[in-house]
Number of protein chains: 2
Amino acid sequence: MSSAASIPLRPASSRDLILLAARAEFADHGFDGARLQAIAARAGVRHPTLLYHFESKELLYRAVIESVVGDWAVETEAAISTGLRGFDQVAALVDAGFRFFERNRDFVRIVRREAIEGGGRMEAQMAEFVRPFLEDAVRFLRREMRGGRLRRHDPLELMQVIYGAVFTYFSDARFRANLTGEDPLDARALRRHERALMKLLGAALEPATGS
Amino acid sequence: MSSAASIPLRPASSRDLILLAARAEFADHGFDGARLQAIAARAGVRHPTLLYHFESKELLYRAVIESVVGDWAVETEAAISTGLRGFDQVAALVDAGFRFFERNRDFVRIVRREAIEGGGRMEAQMAEFVRPFLEDAVRFLRREMRGGRLRRHDPLELMQVIYGAVFTYFSDARFRANLTGEDPLDARALRRHERALMKLLGAALEPATGS
DNA sequence: CGCACTCTACTGACAAGTCAGTATAAAAGT
DNA sequence: ACTTTTATACTGACTTGTCAGTAGAGTGCG
């Protein structure tokens with residue numbers, strides 16, 4: 001992990017290395033459990049270097065959240081501006097989620113920790129950020145249900161259920177691994193779960209009464 | 001909070017008070033974030049008293065988990081030994097979950113923290129504990145699907161989705177509160193969500209093609 | 001030189017855990 | 001009945017370790 005530390009071949013700026021290391025450490029241990037020394041070690045520097053680039057642990061954490069949420073925003077934006085209708089759009093969004101979370105496993109665990117906290121460190125900002133996206137989604141669902149392209153369900157509660165299911169799969173992956181013995185983040189297992197969720201949602205949402 | 005401290009009228013043993021206080025504190029802040037002093041304050045004692053009853057922070061934490069998981073085991077056992085069939089049994093289980101989590105809000109957040117951790121403190125034991133219950137559920141679902149009393153879905157993935165949805169509703173309740181403005185743990189909101197989830201599951205699982 | 005960056009060495013705060021006691025009450029001895 | 005002993009429950013003061021954050025001295029590069 002630190003084998004490349006001495007090679008000066010631009011192994012990304014050390015600021016970025018630190019950000020990446022911090023993301024992993026915060027995901028593994030949460031804000032309180034995370035140690036600056038551990039982050040520094042992961043990044044291949046000494047811990048005062050962290051405090052040179054980011055003024056404090058708190059600000060480093062904020063920087064991590066912002067980078068992580070920023071990435072997510074971009075991909076989600078893309079997934080909802082496809083012009084698809086009915087269940088196809090729902091499926092596209094779920095699929096985008098799966099693909100993003102698959103590549104950003106730490107993201108989920110950090111966000112979830114924030115969500116649990118409640119009085120959390122960045123909860124308010126994150127809510128601010130998610131709200132417009134959620135409202136968009138609810139508007140879309142309502143429209144499609146009115147138009148008969150989706151069966152009628154409470155849109156907000158539907159979003160909550162989908163969010164809960166998808167998020168949990170990733171945030172609790174290690175627990176599931178312990179339970180079933182196989183790695184849930186393995187591509188095969190992931191596809192199986194995605195297919196199962198899609199089928200479930202399809203069965204509940206698609207207007208046609210297919211098998 | 002400490003107003004009853006001097007009254008000797010058995011305000012529950014202080015061991016139990018400590019256990020209760022610790023449950024809340026660990027739920028709010030996680031293992032690392034929790035402070036023994038804070039737990040002690042909640043329980044109305046000084047922190048060495050904690051270490052008198054429980055040898056260390058770690059052991060106090062384990063005691064909390066055990067008490068919490070024990071409570072859950074009893075209720076779950078009751079909910080699955082009803083002899084119901086098909087969707088009714090699924091609904092009964094989901095309902096039991098809702099009612100237990102409603103009364104034990106800290107439970108969810110503690111368990112979820114463990115699940116995220118991965119290399120967690122009690123993950124292995126908890127997996128050990130959940131596995132037989134999960135296997136039971138999967139067996140039940142498979143049987144009912146074979147018998148045509150439930151539509152066919154991957155039983156394990158179905159359980160995962162249900163678990164994710166229900167658990168998230170409670171563990172992330174404070175985040176949702178921030179998002180929607182209303183309290184998700186209020187009885188009315190809770191019933192609405194439960195009804196929505198049931199409808200969704202019913203639509204996906206009940207064999208009849210009713211409206 | 002001066003600037004950006006990283007290091008070693010250190011500090012101050014704070015938290016877990018230890019310890020030597022005090023208070024109270026139940027048991028045991030006379 | 002009354003002291004003495006023993007166990008339980010709890011506390012204030014202390015020790016020890018750890019961690020975030022600071023100071024200041026390099027190092028290398030334009």
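Computed from a predicted model, the values in this text were never measured in an experiment. Letters A, B, ... mirror the listed sequences (proteins, then strands); counts begin at 1. All values below come from the heavy atoms of this structure, side chains included, with hydrogens, waters and symmetry mates left out.
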What pairs of nitrogen or oxygen atoms, one from the protein and one from nucleotides 21-23 of chain D, lie under 3.5 Å apart?
{"from": "D:dG21", "atom 1": "OP2", "to": "A:K57", "atom 2": "N", "distance (Å)": "2.6"}
{"from": "D:dG21", "atom 1": "N7", "to": "A:H47", "atom 2": "NE2", "distance (Å)": "2.9"}
{"from": "D:dG21", "atom 1": "O6", "to": "A:H47", "atom 2": "NE2", "distance (Å)": "3.2"}

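- Take B:A92 and apply the side chain to side chain contact (heavy atoms under 4.5 Å, CB included) test, not counting sequence neighbours, and it matches B:L84, B:Q89.
- Partners of A:V68 under the side chain to side chain contact (heavy atoms under 4.5 Å, CB included) rule, at least two apart in sequence or in another chain, are A:R23, A:F107.
- No side-chain donor-acceptor contact under 3.5 Å links A:R121 to the backbone of A:R62.
- Remark: A:R35 is in phosphate contact with D:dC19, judged by side-chain N or O atoms under 4.0 Å from OP1 or OP2.
- A close approach under 4.0 Å does occur between a side-chain nitrogen or oxygen of B:Y52 and OP1 or OP2 of D:dA9.
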- request: Assign a letter to each nucleotide of nucleotides 24-30 of chain D from its 5' end: B, base within under 4.0 Å of a protein heavy atom; S, sugar-phosphate only; -, no contact.
  value: -------

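- One N or O on the side chain of A:D154 and one on the backbone of A:E157 form a donor-acceptor pair closer than 3.5 Å.
- Taking 4.0 Å as the cutoff to heavy atoms of chain B, we find the contact window on DNA chain C bounded by C:dA15 to C:dT18.
- At least one donor-acceptor pair closer than 3.5 Å links the side chain of A:R35 to the backbone N or O of A:D32.
- With ring centers used as reference points, A:Y61 lies 6.0 Å or more from A:F54.
- Near DNA chain C, meaning a heavy atom under 4.0 Å away, there are no residues from residues 27-34 of chain A.
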